[in-house]
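Notes to accompany the following structure.
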Amino acid sequence: MNIIVCIKQVPNTTDVKINPETNTLIRDGVESIINPFDTYALEEGIRLKERFGGKVTVVTMGPPQAEIALREAVSLGADDVILVSDRRFAGSDTWATSYTLSQAIKKIGEYDIIICGKQASDGDTAQVGPGISTHLEIPQVTYVKKIEQIDSGKAIVERMTEEGYEIIETPLPVLLTVVKEINSPRLPSLKGKMKSKKCEIIKWNADDISASLNDIGLDGSPTRVVKIFTPPQKCGGEMLTGEPDEIADKLSDIFKKAIVG
Amino acid sequence: MSDERVKIILNKCIGCGLCKPACPFGAIEIQNKKAVIDYTKCTFCGACKEVCKFQAVEVLEFEGPAGLDLSEYKDVWVFCEQKKGTVQSISHELLGQGRKLADDLGVKLCAIVLGDGMENKIEDIYHRGADIVYLVDNPKLKHYQDEPYTKVIIKLIQEYKPEIVLCGATVIGRSLISRVAIKINAGLTADCTGLDIDPDKKILLQTRPAFGGNIMATIITPNHRPQMATVRHKVFKEAKIDHSRKGKLIKKDYDDTTYFSSTKLLDLVEEIEETVNLSEADIIVSGGRGIGSPENFDIIKELAKVLGAAVGASRAAVDSDWIPYSHQVGQTGKTVCPKIYIACGISGQIQHLIGMQSSDIIVAINKDPEAPIFKVATYGIVGNLFQIVPALTKALQSKMGK
Amino acid sequence: MMNYLFTEEQQMIKELCRQIAVEKIKPVAAEYDEKEMFPWDIVKVLADADIFGIYIDQKYGGMGGGILEMAIATEELSWGCGGIALAFAATGLGTFPIILFGNEAQKEKYLSMVAKGTVAAFCLTEAEAGSDAGGIKTTAIKDGDHYILNGTKQWITNGGEADIYTVVAMTNKSKGARGASAFIVEKGTPGLSFSKKEKKLGIRGSSTTEVIFEDCKIHKDQLLDKEGMGFIVAMKTFDNSRPGVAAQAVGIAQRAVDEALAYTHTRHQFGKPVSSFQGVQFMLADMATQVEAARGLVYNAAKMVDAGEKDIAGVSAMCKLFASDVAMKVTTDAVQLFGGYGYMREYPVEKLMRDAKITQIYEGTNQIQRSVIAANMIKSLAKSK
């Protein structure tokens with residue numbers, strides 16, 4: 001089974017701090033990690049390989065330093081890793097990003113299943129996975145929490161909804177976006193870590209993936225950021241003091257007002 | 001490189017450094033008294049141009065796809081999400097905001113409804129502000145499925161050319177609208193918390209949080225149509241109901257290939273949650289590491305019961321297996337925006353704050369006065385939650401009882 | 001922080017084991033301690049991460065490291081929990097006899113198992129044979145192609161949970177110490193059983209039981225080396241394993257320093273953090289210095305073992321003695337720095353103190369270590385003359 005996993009390198013937001021004077025993000029020294037949701041996608045890909053044999057190819061689009069994320073993927077069990085990187089990709093929104101990744105996947109060629117995390121922790125859009133499946137014109141199932149079975153060109157999966165889950169049968173190839181419930185990602189192994197130091201990173205630019213220049217980067221992005229600002233900070237509310245009963249009394253009045261009003 | 005879209009005009013730049021902190025992506029350094037852009041980080045957002053007092057930043061504008069006549073596109077559309085024949089409350093919220101946008105533009109507000117046997121629900125959608133309802137009623141659209149829904153909406157958009165399409169940032173909405181936007185080469189902005197019309201350009205200003213809510217970005221779709229956006233629950237107020245309102249129904253039906261789905265929905269399983277759905281809840285009582293054990297969550301549940309609230313939890317509590325993951329609030333859990341959020345024994349790690357900081361009222365109960373949760377709290381209580389929470393439950397019982 | 005100039009591989013082991021300690025062990029340590037459970041889920045994590053194979057030859061599926069690599073891993077895992085780390089460290093103790101004295105067939109079979117995550121145990125101590133191993137009562141009587149084992153081993157770490165037991169038993173009582181031999185016994189062999197788990201002061205996330213042999217019949221191929229080599233096997237095993245115990249002590253001690261530093265920094269009294277008081281600072285400084293000294297001793301002893309140095313009994317004993325005494329002192333100081341909170345089980349330091357105590361006792365009490373050290377000193381004086 002040929003499995004493709006798409007990952008994104010993101011800043012580790014647990015480390016994100018705000019400069020209190022300028023109210024901007026302090027990005028120096030912020031560690032980059034694999035998007036947490038993508039770690040579930042990668043784990044599921046590796047588990048599928050362990051169950052059905054085959055190969056896990058991990059692809060990421062990003063700056064040259066995204067290589068680190070790919071090496072981490074190798075330490076966890078990925079076979080081939082591809083970095084799609086080009087200055088001309090800069091300014092890509094989700095449209096251009098999903099186009100670029102779908103072109104890379106077309107170049108990879110044979111695949112049975114593509115797995116993405118449900119969304120990235122820095123953008124939170126959840127648009128790139130469905131975008132890739134649309135560009136590739138293959139079916140998708142989003143928010144997958146369990147792959148029940150895969151055989152004879154079909155998969156049966158469970159898709160999370162707000163109320164419970166749906167059981168969906170899909171033909172292969174298919175793109176799945178996965179949620180946290182699907183598994184618990186492993187830690188790297190020593191052998192994997194050693195392999196990751198030496199492994200070759202396949203690097204593709206816009207020409208390698210035969211991308212149309214009108215569809216990548218800023219030119220391929222319908223949306224445009226026009227303004228960035230810091231939200232008004234909520235700061236220092238009212239502290240309630242006193243005996244538990246007094247506090248409870250004050251709070252219950254506040255609640256009553258908020259609920260009724 | 002000469003083809004960069006953001007350039008520093010060197011003879012105007014005095015190296016004042018104003019642009020450096022303004023850059024949300026840390027892409028500007030001051031070297032030899034000139035601003036230097038690191039193009040591996042720059043996303044051409046233009047934040048530097050806005051703060052520059054010397055007109056030393058040039059941002060090259062991009063020209064849209066050839067042959068697209070933007071003036072052909074008008075009206076504001078809302079995708080009305082239905083489940084089991086019931087239009088979801090998120091759609092009522094979108095109708096409320098959609099009405100404002102349509103009025104600002106002087107165009108019609110239209111709703112799209114896909115389902116089976118939905119015609120008797122249309123009246124209510126008029127009452128909530130829609131001028132036109134596009135209804136595609138077919139047994140094959142009874143339950144949401146990616147492919148038929150995508151195809152139907154594309155056909156509607158191509159025929160009627162709306163300028164704006166709004167959709168809920170729900171499981172269905174996010175899966176559906178992303179596919180539609182790719183297919184018709186439209187701009188799509190996720191999880192908007194603000195939607196306004198630029199009074200001069202008459203385009204949609206979409207404001208959304210980025211980097212976990214630490215910064216806000218305003219996004220436009222200058223050259224593509226329609227302008228599409230998803231909106232999370234509880235961001236906008238539900239439309240007011242006006243029973244006198246009337247609207248026009250346009251029914252459409254398509255051939256079977258449009259309704260074909262290569263994926264098959266085999267079954268729908270509803271999981272009965274012990275309390276209210278977190279993202280829908282008006283009140284949430286959450287517990288964190290300070291709760292200490294699964295049994296201790298009972299006091300949280302009791303308070304939630306009295307308030308008719310949902311039970312939330314921090315990642316620490318979930319990771320300790322005190323409560324299932326479905327209760328987790330925060331970056332790797334659910335993002336919530338209730339009227340009241342009560343954080344008990346939660347220190348307030350950034351990944352938790354991201355998920356709840358836009359709540360109207362935040363109450364924090366923690367024994368550590370230094371806990372970061374107090375920075376976002378509307379009301380803070382430093383003390384023992386095992387005394388305060390039960391006392392609060394009791395106080396509410398007697399007050400609510402009256 | 002001291003730089004020990006690790007190789008890339010050693011650095012990788014250190015980072016991965018610390019990651020496991022932080023992400024997998026630390027969050028569950030208190031629960032395992034409380035419930036006195038064997039940490040099978042952590043064993044699986046360690047096996048999947050190739051940690052069990054660190055000190056095993058690559059030929060048998062291991063990573064080809066030595067005692068230093070093992071010490072680094074043990075230290076980091078013990079930082080997470082000294083009890084849980086024993087599933088790994090005591091497997092090393094049970095495996096060294098096979099590494100040091102096993103024939104090719106025994107190595108091929110058992111080392112491959114351990115590299116994949118099979119737990120092992122070493123069975124020497126008996127009720128009347130602790131420090132004085134000459135008092136061993138367990139017998140192994142030759143019976144054709146087999147040996148029949150009878151007797152009871154006491155306080156066996158990983159007892160009942162391990163699948164491989166290396167056992168020292170008397171094949172010829174009349175020869176005293178020279179009549180002892182070492183065997184490999186697999187779990188499931190008829191006649192092999194275990195008592196219920198012992199209730200312990202600390203390292204409660206480890207299993208300690210009696211290992212009972214009742215007409216336990218094993219094939220003669222299970223004999224390690226030759227008959228009569230039992231005590232040599234035991235002594236050489238301990239020379240190799242003592243840096244491991246010492247590393248466990250360093251890991252526990254380092255955790256105590258880290259906890260104490262963090263706590264005294266956040267705890268405010270008289271309007272300032274207690275870490276700003278000189279009395280507290282002096283304690284923190286002494287703790288950190290002692291731990292660093294112990295670590296240096298452990299790593300250097302481990303390097304000597306790996307380099308194949310002959311006279312390692314003395315330094316091996318020194319590092320175990322010093323590191324375990326430091327662990328006891330530093331963890332006691334950490335409890336003191338936490339004040340009343342330190343005495344409470346809700347906080348992590350009382351457990352460290354309980355866990356540290358065993359490192360002064362097992363694999364030879366610290367009194368025995370002193371005897372070994374002194375004996376070596378006297379021996380070398382005699383030699384130099």
Side-chain angles (χ1 to χ4, degrees), chain A residues 13-14 16 18 22 24-25 27 36 63 87 91 95 98 121-122 124-127 130-131 134-135 139-143 161-171 180-181 218-219 222-231 234-235 237-240 244-245 247-249 251-252 255-256 258, chain B residues 5 21 24 26 39-40 43-45 47 62 146 171 174-175 178-179 182-183 186-191 211-212 214-222 224 262-271 277 325 331-332 339-340 350-351 361 375-381 387-388 391-392 395-396 399:
Chain A
T13 47
T14 58
V16 168
I18 299 192
T22 60
T24 52
L25 293 178
R27 292 174 66 96
R87 275 293 304 132
W95 200 102
S98 53
S121 62
D122 58 346
D124 273 338
T125 70
Q127 287 169 4
T134 310
H135 280 298
Q140 72 176 23
V141 186
T142 51
Y143 302 95
T161 64
E162 283 90 351
E163 294 81 21
Y165 60 94
E166 299 170 348
I167 302 172
I168 293 174
E169 182 188 281
T170 173
K180 186 182 176 180
E181 280 85 347
L218 206 61
D219 290 355
T223 61
R224 178 72 67 77
V225 177
V226 284
K227 191 176 152 198
I228 299 259
F229 58 101
T230 46
K234 279 195 180 181
C235 55
E238 186 186 335
M239 297 305 282
L240 305 179
D245 286 342
I247 293 172
D249 203 51
L251 270 179
S252 52
F255 290 171
K256 222 173 145 187
Chain B
R5 295 187 171 275
Y39 288 107
T40 63
T43 65
F44 315 125
C45 72
F62 162 70
D146 289 316
V171 166
R174 288 173 148 207
S175 310
S178 306
R179 279 178 87 92
I182 296 291
K183 208 75 192 175
L188 170 60
T189 305
D191 294 351
F211 292 101
N214 287 313
I215 56 174
M216 303 296 286
T218 302
I219 294 168
I220 58 167
T221 301
H224 298 68
S262 64
T263 62
K264 285 188 189 64
L265 179 61
L266 302 181
D267 201 2
L268 268 167
V269 182
E270 289 196 14
E271 289 174 314
N277 182 333
Y325 168 67
Q331 187 169 41
T332 48
K339 285 183 185 152
I340 303 174
I350 182 87
Q351 63 266 48
I361 295 176
K375 294 210 175 79
V376 301
T378 328
Y379 300 100
I381 299 118
Q387 292 171 351
I388 293 159
L392 182 56
L396 283 163
K399 282 195 189 168

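Order of the sequence lines fixes the chain letters, A, B, ..., with proteins taken first and strands second; residue numbering starts at 1 for each chain.
- Only the side chain of A/Pro36 comes within less than 4.5 Å of a heavy atom of chain B; its backbone N, CA, C and O stay farther away.
- Within the 4.5 angstrom heavy-atom criterion, only side-chain atoms of A/Ile247, from C-beta onward, approach chain B.
- Annotation: the span from A/Gln127 atom CD to B/Arg174 atom CZ amounts to 8.0 Å, rounded to 0.5 Å.
- Residues A/Pro244 and B/Gln387 share a closest heavy-atom pair of CG-OE1, 3.6 Å.
- Rounding to the nearest 0.5 angstrom, the gap separating the OG1 atom in A/Thr142 from the CG atom in B/Asp146 is 5.5 Å.
- Annotation: side-chain hydrogen bond (donor to acceptor under 3.5 Å, both in side chains) contacts of A/Asp249 (sequence neighbours excluded): B/Lys399.
- Between chain A and the options B/Thr189, B/Ile340, B/Ile220, the largest number of non-hydrogen pairs under 4.5 Å is found for B/Ile220.
- Shown here for B/Pro222 and A/Pro222, the closest heavy-atom pair between the two residues is CD-O, 3.4 Å.
- Only the side chain of A/Tyr143 has a heavy atom closer than 4.5 Å to any heavy atom of chain B.
- Using modelled atom types, one finds no donor on one side chain facing an acceptor on the other under 3.5 Å when comparing A/Thr170 with B/Thr263.
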Evaluation steps, side-chain contact (heavy atoms from CB on, under 4.5 Å), between A/Leu251 and B/Ile381: CA-CA 10 Å; A/Leu251 270 179; B/Ile381 299 118; 3.6 Å; yes
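- B/Leu188 is not listed as a side-chain neighbour of A/Trp95, based on a closest heavy-atom distance of 4.5 Å or more.
- From B/Glu270, atom CD reaches atom OG1 of A/Thr161 across 7.5 Å, with rounding to the nearest 0.5 Å.
- Ranked by non-hydrogen atom pairs under 4.5 Å with chain A, the options B/Asp267, B/Leu268, B/Thr221 are led by B/Asp267.
- Of all the listed residues (A/Pro171, A/Pro63, A/Gly91), the one sharing the greatest number of non-hydrogen pairs under 4.5 Å with chain B is A/Pro171.
- Considering only heavy-atom pairs separated by less than 4.5 Å from chain A, the leading option among B/Ile182, B/Leu266, B/Leu392 is B/Ile182.
- Residue A/Thr125 touches chain B through both its backbone and its side chain, counting heavy-atom pairs closer than 4.5 Å.
- Nearest heavy-atom pair, A/Glu162 versus B/Val171, reported as atom, atom and distance to 0.1 Å: OE2-N, 3.1 Å.
- Considering every non-hydrogen atom in both B/Ser262 and A/Pro139, the closest pair reads OG-CB, 3.5 Å.
- To the nearest 0.5 Å, atoms NZ (B/Lys183) and NE2 (A/His135) are separated by 9.5 Å.
- The two atoms that bring A/Ala126 and B/Ser178 nearest to each other are O-OG, 3.9 Å, heavy atoms only.
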